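The structure appears right after this line, and notes come after that.
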Protein chains: 2
Amino acid sequence: MLNPIWLKTFVTLVDTGHFTQAAEKLFMTQPGVSQHINKLEKACGHLLITRGKKSFVITEQGRLVYRYAKSLERNEEALIEQLAFDDPYSGECTLACSGSVALMLYPKLLEEQVKHPNIIIKMKAAPYHQILSDIKKGTVDQGIVTDIPNKIYFETKVLGEEELCLVVPSRVDTNVNKATLLMNLGLILHPDAKHYLSLFIAKNYKTELGQLNINSLPVVGFINQINQILEPIANGIGFTVLPKSAVDSFHNKQGLQVIKPDNTVIETLYLVTQKNRVLPARFETLNKVIDSAWK
Amino acid sequence: MLNPIWLKTFVTLVDTGHFTQAAEKLFMTQPGVSQHINKLEKACGHLLITRGKKSFVITEQGRLVYRYAKSLERNEEALIEQLAFDDPYSGECTLACSGSVALMLYPKLLEEQVKHPNIIIKMKAAPYHQILSDIKKGTVDQGIVTDIPNKIYFETKVLGEEELCLVVPSRVDTNVNKATLLMNLGLILHPDAKHYLSLFIAKNYKTELGQLNINSLPVVGFINQINQILEPIANGIGFTVLPKSAVDSFHNKQGLQVIKPDNTVIETLYLVTQKNRVLPARFETLNKVIDSAWK
DNA sequence: TTATTTCGATAATATTTTGTTATGAGGTTG
DNA sequence: CAACCTCATAACAAAATATTATCGAAATAA
């Protein structure tokens with residue numbers, strides 16, 4: 001490994017052209033300089049200078065190492081400067097959430113990135129457990145989920161609420177027994193479908209759906225692209241449960257029919273971060289936008 | 001200064017998530033890891049991890065340092081690799097020579113750069129003494145000059161020869177005493193004018209010019225752009241001495257008259273490098289072109 | 001030329017830095 | 001609650017590093 005102190009000595013040596021002068025400049029003794037150069041040459045595996053009796057000439061390798069040392073110095077300075085300066089309008093922000101939240105949130109975040117081009121938004125649509133494991137690993141800074149995770153590892157803050165919609169094809173007659181209706185249609189599966197459906201059933205149609213086993217429902221499709229989940233339903237195939245925002249943004253709404261339930265089903269959204277992790281200033285900028293999305 | 005060993009320890013710590021495991025991986029003890037991190041934090045001036053009782057969370061500064069450490073590692077590897085590999089078709093070649101040599105040589109070298117785009121030719125037209133001082137400083141790799149420099153500091157190799165031409169305006173009657181002719185015309189000065197003129201006089205017109213003092217010649221112009229030196233002469237003003245190649249490439253030759261001397265005046269061109277400096281392989285590629293320019 | 005000074009290399013020694021062992025405090029697990 | 005982890009700290013041992021002393025060769029001055 002190339003010790004930066006040796007590199008600095010080498011740079012000074014090359015700049016001054018004299019071992020003695022370099023030593024003076026560095027407040028050390030001349031043999032010290034000699035030793036640094038020897039060690040650096042050993043570490044590099046190449047002679048960095050060609051020694052004459054009283055003078056030296058830098059080798060090609062020496063030139064390369066000299067340039068490297070200079071750039072190292074600059075890089076290190078830049079790093080130290082960066083460490084002290086927590087810019088609220090620059091840096092990477094990685095967040096993960098469900099596809100439907102992403103669908104609604106990402107455009108708003110992009111507006112912010114347009115305002116402050118040095119903020120870089122990285123959005124990952126993922127299922128619940130992956131969001132949590134990514135936050136725990138630290139590969140994702142923040143997540144938005146619909147369940148409160150383990151308080152030992154995560155910090156949680158309520159963001160807002162979203163209405164869940166049971167969506168069926170527009171042609172279907174909904175004035176029938178709901179269990180029969182859904183069994184006949186079959187489920188269009190997506191990453192959060194079963195979770196949403198169970199929330200929905202827990203609050204509605206208990207008498208009709210009470211004994212319905214979600215896992216025994218026929219599955220008539222699967223898609224994990226949020227903007228395509230409603231496609232089969234608009235074509236008359238299956239049903240699903242989705243947040244209202246996802247339904248609203250669908251391009252072909254006349255193909256759909258949202259069943260108005262007796263009790264509105266609300267899921268709470270939580271902003272989740274790693275426990276004890278202090279996020280940099282740019283997340284305040286970001287979270288203003290996220291907060292306002294549910295206001 | 002950020003010790004690369006501490007940085008490596010820090011990277012390992014972050015990767016493993018455990019002091020003990022990091023220590024094992026690095027064949028050291030756990031307190032050693034603790035100390036490395038402490039020292040690194042002190043050197044950075046920031047906490048890199050937030051310590052829990054049995055675990056830690058990386059801080060924003062820690063993330064920056066982690067990224068820096070990773071890139072440092074890559075850069076160092078790249079350097080070491082580069083040191084061992086002397087590519088004949090890539091790298092910078094800086095050379096210095098007179099304007100007239102540059103005029104002739106640079107196009108040929110550019111052809112070579114087109115063939116091998118990773119070779120970067122840097123050509124500096126400069127007077128004799130500056131060429132030598134640049135080579136001695138090491139800011140220029142090679143020079144082409146017309147005098148053998150001090151053998152203590154430089155290595156010299158004969159490149160070829162060039163004919164010198166005494167150039168006067170085309171309208172002038174040359175069948176007169178040469179001293180009178182030149183005194184009446186006056187010298188168009190350029191960086192090598194006096195040197196060339198002295199070479200010329202030493203071999204020709206000794207009887208006529210014997211007592212002519214170059215420094216007392218009237219100077220009627222000065223220009224250090226090689227392709228413009230002959231401009232005043234083509235306009236009927238002054239005389240000068242230049243290599244034949246520079247005269248040949250002049251755009252308005254009918255305005256000029258080259259005085260045919262009794263003894264052709266030849267200047268020898270020398271390729272000069274710093275003493276004891278071994279040039280990298282790309283200079284072999286380059287010097288083939290340079291050699292062939294005078295063949 | 002010879003004496004003097006300058007410059008870098010080397011060896012021996014002193015000092016500082018670094019790594020290890022030993023130990024303790026706090027937390028988790030069975 | 002005992003056994004077991006994990007990390008921090010202190011004391012000490014080991015290694016790395018810097019200094020002093022000295023030499024030889026070359027440049028400079030006399």
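All chains are named by letter (A, B, ...) in the order of the sequence lines, taking the proteins before the strands, and each is independently numbered beginning at 1. Both backbone and side-chain heavy atoms feed into the values below; hydrogens, waters and symmetry mates do not. Given the structure is predicted, the values throughout are model-derived calculations rather than measurements.
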Measure the distance from [atom1] on [X] to [atom2] on [N] and round it to the nearest whole Å.
X        : N       : atom1 : atom2 : value
Phe19(B) : dA8(D)  : CZ    : C1'   : 9 Å
Leu26(B) : dT20(C) : CG    : P     : 10 Å
Met1(B)  : dT17(C) : CE    : C1'   : 17 Å
Leu13(A) : dC7(C)  : CG    : C1'   : 12 Å
Ile37(B) : dT9(D)  : CD1   : P     : 13 Å
Ile49(B) : dC7(D)  : CD1   : P     : 9 Å
Asn38(B) : dT17(C) : CG    : P     : 16 Å

Self-check item: Any side-chain donor near an acceptor of the partner, Thr59(B) and His46(B), under 3.5 Å
Solution: no

message: On the nucleotide dG8(C), are OP1 or OP2 found under 4.0 Å from the side-chain N or O atoms that Arg51(A) carries?
response: no

Exercise. Does OP1 or OP2 of dT9(D) have a side-chain N or O of Ser34(B) closer than 4.0 Å?
Worked result: no

For a salt bridge (Lys or Arg N to Asp or Glu O under 4.0 Å) check, start with the C-alpha distance between Arg277(A) and Asp141(A), then their side-chain angles and the critical distance, and finish with the verdict. CA-CA 9 Å; Arg277(A) 175 163 176 208; Asp141(A) 301 312; 2.9 Å; yes

Reading nucleotides 15-27 of chain D from 5' to 3' and marking B where a protein heavy atom lies under 4.0 Å of the base, S where only the sugar-phosphate is that close, and - otherwise, the string is --SBBBB---SBS

| query | Can Tyr128(A) and Asp192(A) be said to form a side-chain hydrogen bond (donor to acceptor under 3.5 Å, both in side chains), step by step? | reply | CA-CA 8 Å; Tyr128(A) 181 73; Asp192(A) 291 308; over 6 Å; no

Sequence neighbours excluded, the answer for salt bridge (Lys or Arg N to Asp or Glu O under 4.0 Å) partners of Arg67(A) is none

In terms of ring plane angle, is the pair His36(A) and Trp6(A) parallel, tilted or perpendicular, where the classes change at 30° and 60°? tilted

message = I'd like to know if the side chain of Thr285(B) and the backbone of Pro88(B) have a donor-acceptor N/O pair within less than 3.5 Å.
response = yes

